Asker: 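One structure follows; several queries about it will come next.
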Amino acid sequence: MTPPDGNGGEGLVGKRVTRPNVRRLIHGRGRYTDDISVPQMLHIAFVRSTYGHAKVKSIETSAAETAPGVVRVITGAQVAEICKPMLAIAQHRPGHKSAPQYALAVDHVCYQGEPVVAVVASSRAEAEDAADLVTVDYEELPVVMDIMEALDPVSTPIHPELGDNQCFEHTTKTGDAASALSAAKLTVEHKFEFGRHTAVTLEGRAILAHWDHVEERLTVHHSHQSPYQMQDVFSRHLDIPEHKVRVITPDIGGGFGLKINVHGEELAVAAIAKLIGKPVKFTADRLESFVADCQTRDHLCTAEMGIDENGKITSMNFENALSVGAYTAYIRFGLAEGMMAISCAAAPYALTDYHARTRVAYVNKGIVGMFRGVGVPIGCTVTEVLVDQAAAKAGIDPVEFRRTNYHKDEDYPLVSVGGYSAKSMSLHKCLDACVNIMDYEALRADQVARRERNIWRGIGVATFVEAAAFGPVYYGPSGARVSTQDGCTVKLEPSGVVRVMTSVTDQGQGTLTGIAQIVGDQLGVDIEDIDVLAGDSATTPYGGGAWASRGMAMGGEAALHAGKALKENILDLASSILQTSSSALTLEGGEIRDAVSGEARMDLAELAKVGYFRQDTLPAGTQPELMVTRHHVPDTPYYIANGVQGAQVEVDIDTGFIKLLGWWVADDCGRVVNPLMVDEQIRGGVIQGIGNTLYEHSQYDETGQLLNATLADYLLPMSGEMPDIKIAHVETPLTNTELGANGIGESGTIGAIAVLWCAVNDALRPLGAQVTKQPFTPEHILEVISAAKEKYETT
Amino acid sequence: MNIMSEETVKISLTVNGEPITSTVPVRRHLVDFLRLNLDLTGSHLACEHGVCGACTVRVDGAAVRGCLMLAVQADGANVETIEGLSDSGEVADLQAEFEVRNAAQCGYCTPGMIITSAELVAAGGLPNRETIRDHLSGNLCRCTGYQSIIDAVEETMNKRAGT
Ligand code: FES
Ligand code: FES
């Protein structure tokens, strides 16, 4: 179905094609992991650490073992007998320290909620009942909760073998920031705290594992973004030959990066399936999701920016510290959080002197893994807040200030001070497009008029730059087995319809639809005649799955080349059948046509019939090849996507409440394969960014207990408070690939966080107040206003 | 610990127009009953706490949170789930508007969104966007950003009203 407001023109790419696979979800016929039941299936409930840090002295399971429905109670030590622990050490990052993490804790628990014992029973309810009967005797150990305390070498190490709690440190230097800052005409400086939060996929993590002890095969249905990665992990950790491990990822109820991580209890479920030889299922409930899902962010930053007498940014200094919980997340490390923050900072701007340092701490909190944005919202927000403060101090309008400080269009290719190399960026175009759709001048006039009536509105405009679609340069040398290539198989079926098998996975982004559009255009076949299969490590080409905003950029390019190659094969076969040269033929609208006259010679069904059933009519030796696979590996470390977001807010200075009045996005994600899907990725991303900035916070107390582990206590954006979002596309196709598509999955979130900081600060600026802590609770707003008042009164 | 937890009760009710008699554990909530006893997996669970709306089903004509109601409380009731509402065609126009706008991404919230929206749609009239947003404000969606869902409901109501 193509809605009438789609782009005109030939072909499917660029049109607002709807998803053929969404209808069953809307009709309640989705098939998520927990919906799948198999004969003899058992259920698992975990006993989890009640302490933030403790030694496990003994475990008493006998009462649980005899409880109704219980089949087995399995401890961490028993799992460890057949399952190697996870150890994530980034080989390309000297100094990175990491301790082994067991699927289930053996004798040491490092965060509240860490899984310790598994109870296997005929129903989840019975497994939970029996889990209550397991007694774990703990010896409580001191916790380290604060990032700066953990980075202090005298803090007691969580993992004694590591010596201290510093996981990693890295410094980036370009030019001489210290001298440039002291020579600057003006400087601005600010402190930032980004609260820890979590992904909250609506569907909890879920896994159903089945061990066939006769064939010694493991089959896993897994709510995960990468079946290939998990095939590799299960194979290596459980010592099963890789071809005997099959991971299927059915419908997924939200991923957002959370479901690319490896979680201990999921590895344990596969191990338990092997131990007991029966299918076992585990679905995380909401409480378990809050305590044991990989979490995100949790940074402390201070930064300073210098400006010369012409209003040009010259320099920036950026100190970043973050916590990654008790372990380095497997298999991708928690280092990208800090590394991305310091490398993306300042990327839009033509400054020359930059110094940045990130330090990563182990604390007794949940593990920090991948989540939409990975560090980029931090670098981007820190930069944009300083840019606004610098513009204000210099008395220049923030939009104008950005325009004069962006890299010039003629300066590409370039490397930013933080080390981002960009072939091109469309900063000026995106800024113009955003300012235009938001009617910036009118908003400013409205702001001035309302301030006189004690109404405090703020306008934010923020630039974001994102390294998307990571290539082999980063993960290759790290030693992590992360596939940065993706593949696509295109098969002509005997009736002339097409099956596509791709290594990218789709959690609702619409990637599979985009792939169908791309293949459809290559073969001249309609969307209804194409079916795309994904999410099965045994039957699809090997690849990465879904991560780092790469589905279209990588998977789309592989699909384009596979479609193209199949087209060539089709025309070759047609030339044999029709006794003409393949260059005299074209493939359009599902028909083989004469290239010159356009006359239809045969349709795809006729060709496929000959190719599959009537080879006897072909010249001897003809080998029809109606299935083709192609892979794509990016030729650069990443592709740079960019854009600008605008926001209008109203801050109630008596209550501290923030109202969102308007939201605008100008985004450049290269070739837009499907504007409907791109718009919805942006909108969903923006709302997540708003949630992160205004509401979401995983709050631990000083003893390591998570205080808000229910949806009633952990606030999320709901429809009532969220704005409509207006979008403008700036389309600069990448020149690295034939398709030209860049990443889109994370940009909405990244830009939204930065622009909300800018907008709220813009509202508060005349009061001399600026926010320093995310989420912006009403208390925090009132606190910064009253602190500013006090400062004003005492000076 | 009380091992009486698996005490069961026999209940009779109508589910999607079909009479059902079943023996259920007294502690089993309605959505677990639909999912585990009847294999109706279209109703989802995301908090089991009454907050997210993923479990919304229709009981005796009203949209309710199936995680907050025990199966035994549905004895004698008329229960409709997303499967039944889809197959009857009652919400086909609303579903088509969801589809055309990609108002479902992962689709996990969608059955609840459809059933909650259907209540507003059935009430008729032409509510403004704020009213639609308020009506849906107890249904969490983590993917879409809500706008397309609001658009879909608004357009369905416009079309039904003939405007
Ligand atoms: S599962 Fe019932 S409201 Fe969330
Ligand atoms: S579509 Fe995923 S939660 Fe709504």
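Note that the coordinates shown come from a computational prediction; the quantities given were computed from them, not determined experimentally. Naming: A, B, ... by sequence-line order, numbering from 1 per chain.
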Asker: If we ignore angles and hydrogens, is there a donor and acceptor under 3.5 Å between the side chains of T81(B) and N16(B)?
Answerer: yes
Asker: Considering only heavy atoms and a distance below 4.5 Å, find which of E48(B), E130(B), R129(B) pairs most often with chain A.
Answerer: R129(B)
Asker: With a 4.5 angstrom heavy-atom cut-off, which part of I252(A) approaches chain B: side chain, backbone, both or neither?
Answerer: backbone
Asker: May I ask you to check whether R28(B) and N37(B) show a side-chain donor-acceptor distance below 3.5 Å?
Answerer: yes
Asker: Given heavy-atom pairs under 4.5 angstrom as the criterion, report whether the side chain, backbone, both or neither of N139(B) touches chain A.
Answerer: backbone
Asker: Side chains of K10(B) and T21(B) only: does a donor on one sit below 3.5 Å from an acceptor on the other?
Answerer: no
Asker: In Å, rounded to the nearest 0.5 Å, how long is the span from CD of Q225(A) to OG1 of T249(A)?
Answerer: 9.5 Å
Asker: For T156(B) and D93(B), test the side chains for any donor-to-acceptor distance below 3.5 angstrom and give the result as yes or no.
Answerer: no
Asker: Could D35(A) and R35(B) be called an ion pair, given the rule that one side-chain N must be under 4.0 Å from one carboxylate O?
Answerer: yes
Asker: With only heavy atoms counted, which part of P717(A) is less than 4.5 Å from chain B, the side chain, the backbone, both or neither?
Answerer: both
Asker: For the interface with chain B, which of R124(A), Q681(A), R683(A) has the highest count of heavy-atom pairs at distances below 4.5 Å?
Answerer: R683(A)
Asker: For D251(A), is it the side chain, the backbone, both, or neither that has a heavy atom closer than 4.5 Å to a heavy atom of chain B?
Answerer: neither
Asker: I need the residue from L45(B), D87(B), V91(B) with the largest number of non-hydrogen atom pairs under 4.5 Å to chain A.
Answerer: D87(B)
Asker: With a 4.0 Å cut-off, would you call R372(A) and E746(A) a salt bridge?
Answerer: no
Asker: Looking at chain A, which one of S43(B), C141(B), G42(B), A104(B) has the largest number of heavy-atom pairs inside 4.5 Å, strictly under?
Answerer: A104(B)
Asker: Using a cut-off of under 4.5 Å for heavy-atom pairs, which of L140(B), L136(B), I150(B), D134(B) has the most such pairs with chain A?
Answerer: L140(B)
Asker: When rounded to the nearest 0.5 angstrom, what is the spacing between CG in L94(B) and CE in M113(B)?
Answerer: 11.5 Å
Asker: Name the region of V200(A), side chain, backbone, both or neither, that has any atom closer than 4.5 Å to a heavy atom of chain B.
Answerer: both
Asker: What part of D34(A) gets within 4.5 angstrom of chain B, counting heavy atoms only: side chain, backbone, both, or neither?
Answerer: both
Asker: Using a cut-off of under 4.5 Å on heavy-atom pairs, state which of G204(A), A125(A), G254(A), G30(A) scores highest against chain B.
Answerer: A125(A)
Asker: If you tally heavy-atom pairs under 4.5 Å against chain A, which of T110(B), I82(B), N102(B) wins?
Answerer: N102(B)
Asker: Do you know which of C52(B), C109(B), S86(B) has the most heavy-atom pairs with chain A at a distance under 4.5 angstrom?
Answerer: S86(B)
Asker: Top residue by heavy-atom pair count (under 4.5 Å) with chain B, among E721(A), E696(A), R24(A)?
Answerer: E696(A)
Asker: Quick check on I690(A) against chain B: is it the side chain, the backbone, both or neither that has a heavy atom closer than 4.5 Å?
Answerer: neither
Asker: Are F371(A) and H197(A) close enough that their ring centers fall under 6.0 Å?
Answerer: yes
Asker: Looking at the rings of H44(B) and Y32(A), which for Trp means the six-membered one, are their centres under 6.0 Å apart?
Answerer: yes
Asker: Taking every heavy-atom pair that is under 4.5 Å apart, which of R286(A), E126(A), Q509(A) has the most such pairs with chain B?
Answerer: R286(A)
Asker: Pick one of side chain, backbone, both or neither for Y108(B), based on which atoms fall under 4.5 Å of a heavy atom in chain A.
Answerer: both
Asker: How long is the gap from CG on N674(A) to CD on E680(A), to the nearest 0.5 Å?
Answerer: 10.5 Å
Asker: Test side-chain contact (heavy atoms from CB on, under 4.5 Å) on R133(B) and Q147(B); report intermediate values, then the result.
Answerer: CA-CA 9 Å; R133(B) 281 187 177 275; Q147(B) 184 172 340; 4.3 Å; yes
Asker: Could you have a look at G28(A), G508(A), S719(A) and say which one has the most heavy-atom pairs with chain B under 4.5 angstrom?
Answerer: S719(A)
Asker: Which of the residues G685(A), A63(A), A199(A), S123(A) is involved in the greatest number of heavy-atom pairs with chain B at under 4.5 angstrom?
Answerer: A199(A)
